[in-house]
**Q** 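This structure is in structure tokens; I'll ask about it shortly.
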Number of protein chains: 2
Amino acid sequence: MVSIEDVAQRAGVSTATVSRALSGNGPVSAAAREKVADAATALGYVVSSSASSLASGRTKNVGLIVPYLARWFFISAVEGAQQALMRHGYDVTLYNLSGGGGERDSVFDVFLQRQRIDGIIAISLELSPVEVASLHALGKPVVGVGGPIEGVRTLTVDDVAISRLATEHLLALGHERIAHVGGSETYDLDFHIPTNRRVGYELALREAGIEPRPEYFTSADFTIEGGYHAAKQLLGNPRSRPTAIFAAADEMAIGCILAARDLGLVVPRDVSIIGIDGHELSEFFGLTTIAQYPRAQGEHAVDILMNELRPGKHAEVPGNIPLGYDLIVRSSTSRPTG
Amino acid sequence: MVSIEDVAQRAGVSTATVSRALSGNGPVSAAAREKVADAATALGYVVSSSASSLASGRTKNVGLIVPYLARWFFISAVEGAQQALMRHGYDVTLYNLSGGGGERDSVFDVFLQRQRIDGIIAISLELSPVEVASLHALGKPVVGVGGPIEGVRTLTVDDVAISRLATEHLLALGHERIAHVGGSETYDLDFHIPTNRRVGYELALREAGIEPRPEYFTSADFTIEGGYHAAKQLLGNPRSRPTAIFAAADEMAIGCILAARDLGLVVPRDVSIIGIDGHELSEFFGLTTIAQYPRAQGEHAVDILMNELRPGKHAEVPGNIPLGYDLIVRSSTSRPTG
DNA sequence: ATGAAAGCGCTAACAA
DNA sequence: TTGTTAGCGCTTTCAT
């Protein structure tokens with residue numbers, strides 16, 4: 001292993017100068033800086049993270065906490081955050097809360113406690129008060145994506161506004177019998193999305209003078225299958241088939257499209273379908289959706305975190321930062337026929 | 001921050017004893033062990049990873065290298081590995097090679113060099129000789145999943161055998177005009193899968209006395225869209241439409257199913273479709289497939305790595321370990337009609 | 001079985 | 001601008 005001493009010797013300076021030259025902290029003459037750089041590359045020297053961490057208290061590593069991994073939204077956010085962090089020279093340690101059992105607890109009680117990270121990005125997490133407390137007790141900056149987490153700066157989309165917009169799109173097209181496929185409550189591992197989205201939906205309806213009908217609400221898993229089964233129920237109703245479905249996520253909406261097809265219905269002629277997410281498959285299915293940008297959200301979270309990690313930072317007041325979204329109209333929605 | 005000294009004081013022993021008691025290395029009396037455990041929990045003490053790493057040379061952290069993140073196979077493998085590692089008390093640092101640019105190089109030149117990991121799990125990686133050399137130079141154990149990587153223990157599925165089995169399934173049903181949707185060569189970021197799968201396909205055909213027809217081979221991206229477009233081409237052919245399609249991955253196969261439907265063809269009556277993977281959506285689409293178990297593969301890789309990390313380990317000879325797979329027959333394949 | 005003490009490789013005062 | 005040096009918190013000989 002090549003150590004800082006080897007570099008110092010080869011460059012003809014002290015280890016302190018090597019440290020300063022390589023880290024950029026502290027004054028170093030141009031000449032020394034160059035000698036050090038040369039020696040370091042010649043020897044293939046890379047700072048030992050544990051030694052550096054121990055001495056400086058900084059780890060150059062951040063923790064990414066996610067409730068699930070295997071869903072498009074989360075991986076996209078993780079990927080965005082990871083690549084941004086890498087550009088800043090940071091490693092990423094991944095904590096996945098799914099899997100049940102004591103694993104979730106040990107993340108908070110053990111893994112996050114070992115001084116391995118400088119900060120945390122929590123993606124779409126719904127945390128218990130104990131967990132929030134344990135996070136704060138770490139004394140490290142935390143940035144939430146999709147939160148909100150109490151006392152934590154969080155990037156949030158306004159879920160009520162989004163689902164209101166989705167519903168208004170259908171209303172504006174002339175639909176009146178609009179159903180909603182929302183999340184099941186057990187899915188609230190990630191915050192209150194299901195509830196908020198339902199609220200926006202009902203708000204828009206009432207504003208248009210339409211009273212939400214209970215038989216037009218179905219809850220389902222946030223998956224293609226979940227949406228499929230829900231839509232089968234909704235669309236199979238012989239009494240009052242809805243003319244449009246607003247699904248709380250694109251994966252569900254895709255399931256709705258497939259269900260409609262299986263019933264011999266043509267989208268959008270017989271039923272309009274809109275989702276939320278901007279899922280990678282939404283374009284393929286011609287799905288009208290409200291795009292969110294999880295990848296960009298991950299990157300944005302990194303920006304904020306890096307700012308809080310900067311030495312001379314001004315601790316910003318925690319508060320929510322609204323995120324952008326866009327209605328993307330494709331071929332799954334149209335005016336109702338007949 | 002509560003340090004080992006605090007625990008030692010409270011337990012009335014030396015820091016050395018605390019270290020031994022907590023790590024399980026070295027002899028400690030039952031009495032002392034208990035006192036230490038009590039003190040540690042009372043104080044909420046957790047070993048500082050950097051201090052421990054620096055002193056011992058062990059980090060309790062492993063690196064996971066993946067070529068992409070956003071595909072089912074990879075996330076599943078990552079998830080399996082991550083959860084298994086957590087059970088062993090290991091953190092996971094994620095290195096994603098996608099994203100192009102200098103990022104890939106810096107993973108090998110910088111990130112992996114900082115002594116932050118005890119070992120590496122490389123998932124489905126096709127590495128350049130330089131990269132392999134740099135991996136070996138780390139002197140840390142490496143386990144590959146899906147490799148093979150030279151000089152590295154690797155879990156591999158026999159891709160030739162798998163695609164042969166898939167093709168034989170179709171042959172046994174009586175199909176003769178069997179097309180293959182394989183991977184594009186540019187997709188070879190992850191090893192030689194496309195090639196191997198094609199080889200197995202052609203082997204099975206020839207064995208059955210059928211000469212593979214070039215117009216029955218199409219390459220595509222490993223996505224639903226890729227499979228969709230490929231199948232449109234294949235099935236739109238007015239001269240000699242294949243009666244069956246073997247897709248190199250389930251995502252492609254699902255695309256094929258959707259393409260067939262859009263053409264008004266009924267699966268499997270008009271065309272049989274088989275994939276490979278055991279993708280989470282395969283059941284929903286009734287897709288006959290050859291299941292691999294990426295999650296289990298990730299876990300298995302961890303077992304091997306943990307074994308190599310054990311102090312008294314016998315360095316095993318590098319070699320490939322074959323993985324299991326299963327033909328799962330569903331409703332997308334049947335005898336050809338007419 | 002236990003404790004004293006010497007580092008692990010680096011950073012950050014402090015002095016020069 | 002540079003070097004000297006005292007730790008950072010823990011592990012691990014080596015005595016006892």
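Side chains are part of it too, since the values below use all heavy atoms of this structure and drop only hydrogens, waters and symmetry mates. Just so we're on the same page: letters track the sequence lines, and every chain starts at 1.
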**Q** Of the listed nucleotides (D:dT2, D:dC8, D:dT5), which one gets closest to any side-chain atom of A:Leu54?
**A**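 It is D:dC8.
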
**Q** For B:Gln9 and C:dG3, give me the distance from atom CD to atom C1', rounded to whole Å.
**A** 15 Å

**Q** Measuring from the side chain of B:Tyr45 (C-beta onward, heavy atoms only), which nucleotide among D:dC10, C:dT11, D:dG9 has the closest atom?
**A**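 Of D:dC10, C:dT11, D:dG9, D:dC10 is nearest to the side chain of B:Tyr45.
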
**Q** Assuming nearest nucleotide by heavy-atom distance, tell me which of A:Val46 and B:Ala32 is located more 5' along DNA chain C.
**A** B:Ala32

**Q** Report the distance from atom CZ of A:Arg33 to atom P of D:dT1, rounded to the nearest whole Å.
**A** 9 Å

**Q** Between P on C:dT11 and CD on A:Glu5, what's the gap in Å once rounded to a whole number?
**A** 13 Å

**Q** Check whether more than 12 heavy atoms from other residues, nucleotides or ligands sit under 6.0 Å from atom CD of B:Glu5, and answer yes or no.
**A**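 No, not enclosed.
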
**Q** Kindly say if A:Ser48 contacts the phosphate of C:dC8, meaning a side-chain N or O under 4.0 Å from OP1 or OP2.
**A**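 Indeed not, no polar side-chain atom of A:Ser48 lies that close.
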
**Q** When A:Asn96 is tested against each of A:Ile65, A:Leu64, A:Leu69 for side-chain contact (heavy atoms from CB on, under 4.5 Å), which residue passes?
**A** A:Leu69

**Q** B:Arg116 CZ to C:dG9 C1': how many Å, rounded?
**A**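 About 14 Å, once rounded to whole Å.
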
**Q** Looking only at side-chain atoms of B:Arg58, point me to the closest of C:dT11, C:dC10, D:dT11.
**A** D:dT11

**Q** Report which part of the nucleic acid B:Val18 touches: base, sugar-phosphate, or nothing (heavy-atom distance under 4.0 Å, all strands).
**A**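 No contact.
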
**Q** Working to the nearest 0.5 Å, report the span between OG of B:Ser53 and CG of B:Asp118.
**A** 7.5 Å

**Q** Identify, between B:Ala51 and B:Ala31, the residue whose nearest nucleotide on DNA chain C lies closer to the 5' end.
**A** B:Ala31

**Q** Starting the side chain at C-beta, find the nucleotide from C:dG3, D:dG3, D:dC10 nearest to B:Ser14.
**A**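 Closest nucleotide among those given: C:dG3.
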
**Q** As a test of reading the structure: which of C:dG3, C:dC8, D:dT1 is closest to the side chain of B:Arg20, going by heavy atoms?
**A**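 So the side chain of B:Arg20 is nearest to C:dG3.
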
**Q** I want to verify a distance call: between D:dT2, C:dG7, C:dC10, whose nearest atom is closest to the B:Ala55 side chain?
**A**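 The answer is C:dG7, which lies nearest to the side chain.
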
**Q** Look at the side chain of A:Thr17 and decide which nucleotide, out of C:dT2, D:dT2, D:dC10, has an atom nearest to it.
**A**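 Of all the options, the side chain of A:Thr17 is nearest to D:dT2.
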
**Q** Taking only side-chain nitrogens and oxygens of A:Ser29, does any of them come within less than 4.0 Å of OP1 or OP2 of D:dT2?
**A** yes

**Q** In whole Å, what is the span from the CD atom of A:Gln113 to the C1' atom of D:dG9?
**A** 16 Å

**Q** Can you check the B:Leu22 CG to D:dT12 P distance for me, whole Å?
**A** 13 Å

**Q** State which of D:dT4, C:dG9, D:dT12 makes the closest approach to the side chain of A:Ala16.
**A**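 Of the candidates, D:dT4 comes closest.
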
**Q** Carefully, step by step, assess B:Gln82 and B:Leu94 under the rule side chain to side chain contact (heavy atoms under 4.5 Å, CB included).
**A** CA-CA 10 Å; B:Gln82 200 263 338; B:Leu94 188 65; over 6 Å; no

**Q** Counting only heavy atoms not in B:Glu150 (residues, nucleotides, ligands), do more than 12 fall under 6.0 Å from its CD?
**A**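 Count not over threshold, so no.
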
**Q** Whole angstrom is fine here: how far is it from CG in B:Asp6 over to P in D:dC10?
**A**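 Whole-Å distance recorded here is 9 Å.
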
**Q** At 4.0 Å (heavy atoms only), tell me whether A:Val13 reaches a base, stays on the sugar-phosphate, or touches nothing.
**A**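 Sugar-phosphate only.
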
**Q** Calculate the interatomic distance between B:Leu43 atom CG and D:dG9 atom P; express it in whole Å.
**A** 15 Å

**Q** Please determine whether a side-chain nitrogen or oxygen atom of A:Ser56 lies at a distance below 4.0 Å from atom OP1 or OP2 of C:dT11.
**A**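 Answer no for this pair, as no side-chain N or O of A:Ser56 is under 4.0 Å from OP1 or OP2.
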
**Q** If you round to the nearest 0.5 Å, how far is CG of B:Leu127 from CD1 of B:Ile149?
**A** 4.5 Å

